[in-house]
Amino acid sequence: MRRSVKTIGVALALAGGATVTVEAQSSHEVRLEADSKSGEYAFSPATVTARPGDVLVFKLVNGAPHSVVFEAKGLPATARQALNASMPRRSADLSSPLLTENGAEYRLTVPALPAGTYRFFCLPHRAYDMRGELRVR
Ligand SMILES: [Cu+2]
């Protein structure tokens with residue numbers, strides 16, 4: 001299930017008459033789960049499309065531990081740096097900490113990245129093909 005919450009853009013009038021426009025942001029929920037019947041591990045949805053400034057909410061539904069690790073292969077150095085800076089409590093290059101509790105959420109704000117596809121996977125379930133992709137517009 002995908003949930004998208006729109007935040008209305010807000011124009012702030014500052015002293016002196018200057019106006020700053022804060023762009024509308026969306027939040028996108030990605031579930032990390034294990035199918036109880038098939039035993040398959042998955043990010044759901046496996047593809048999330050977002051803009052810089054949007055928030056990704058990785059929600060651990062079941063099957064923990066999970067993690068979110070972006071693929072380093074083919075990433076330009078600046079994109080790698082931006083992604084690393086966007087990841088709270090990073091455990092290694094492009095890696096979230098190991099998320100051990102079902103029900104927990106891991107949030108990151110999509111940094112300024114060139115439009116394109118950024119692949120990620122779950123380290124504990126990499127061998128089970130638990131992966132997804134972020135498409136930045
Ligand atoms: Cu996993």
Side-chain angles (χ1 to χ4, degrees):
M1 194 178 77
R2 180 179 170 177
R3 191 185 61 184
S4 203
V5 179
K6 287 276 183 194
T7 306
I8 306 301
V10 180
L12 301 173
L14 302 178
T19 301
V20 175
T21 302
V22 180
E23 268 193 47
Q25 292 179 343
S26 297
S27 101
H28 310 268
E29 185 178 289
V30 179
R31 296 155 61 92
L32 287 71
E33 56 195 356
D35 185 285
S36 57
K37 286 180 185 163
S38 67
E40 286 177 6
Y41 294 95
F43 289 99
S44 180
T47 299
V48 56
T49 302
R51 290 189 165 89
D54 285 358
V55 177
L56 305 184
V57 182
F58 292 96
K59 184 167 188 182
L60 278 73
V61 177
N62 55 31
H66 296 293
S67 69
V68 181
V69 182
F70 283 92
E71 289 278 3
K73 198 178 170 187
L75 261 190
T78 49
R80 187 174 186 152
Q81 206 169 29
L83 272 171
N84 270 327
S86 75
M87 301 182 79
R89 311 187 316 279
R90 202 160 43 78
S91 62
D93 188 40
L94 299 170
S95 304
S96 76
L98 189 65
L99 306 165
T100 57
E101 286 182 40
N102 290 323
E105 291 182 349
Y106 182 73
R107 292 168 179 260
L108 69 85
T109 301
V110 178
L113 290 170
T117 300
Y118 299 84
R119 294 185 170 78
F120 55 83
F121 60 88
C122 167
L123 188 58
H125 302 123
R126 193 176 195 183
Y128 297 87
D129 212 27
M130 180 173 172
R131 53 180 151 149
E133 59 186 34
L134 165 64
R135 289 187 186 162
V136 176
R137 291 191 285 181

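Atoms within each ligand, like the ligands themselves, are counted from 1 in listed order. For the single chain, residues carry numbers from 1 onward in sequence order.
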Original post:
What does the angle at the Cu ion (ligand 1) come to, between atom ND1 of His125 and atom SG of Cys122, rounded to 10°?
Top reply: 110°
Subject >> the Cu ion (ligand 1) reached by Tyr41 (N, O or S, under 2.8 Å) >> reply: no
Subject >> Pairing residues for Phe70 by the ring pair (Phe, Tyr, Trp, His ring centres under 6.0 Å) criterion, not counting sequence neighbours >> reply: Phe120
Subject >> Geometry at the Cu ion (ligand 1) - Met130 SD versus His66 ND1 angle, rounded to 10 degrees >> reply: 100°
**OP:** Please name the residue in the list Val110, Asp93, Leu75 that meets the side-chain contact (heavy atoms from CB on, under 4.5 Å) test with Leu83.
**Re:** Leu75
**OP:** Name the orientation class of the two ring planes belonging to Tyr41 and His125 (parallel below 30°, tilted from 30 to 60°, perpendicular beyond 60°).
**Re:** parallel
Original post:
Around Arg90, counting heavy atoms of other residues, nucleotides and ligands shown, do more than 12 lie under 6.0 Å from its CZ?
Top reply: yes
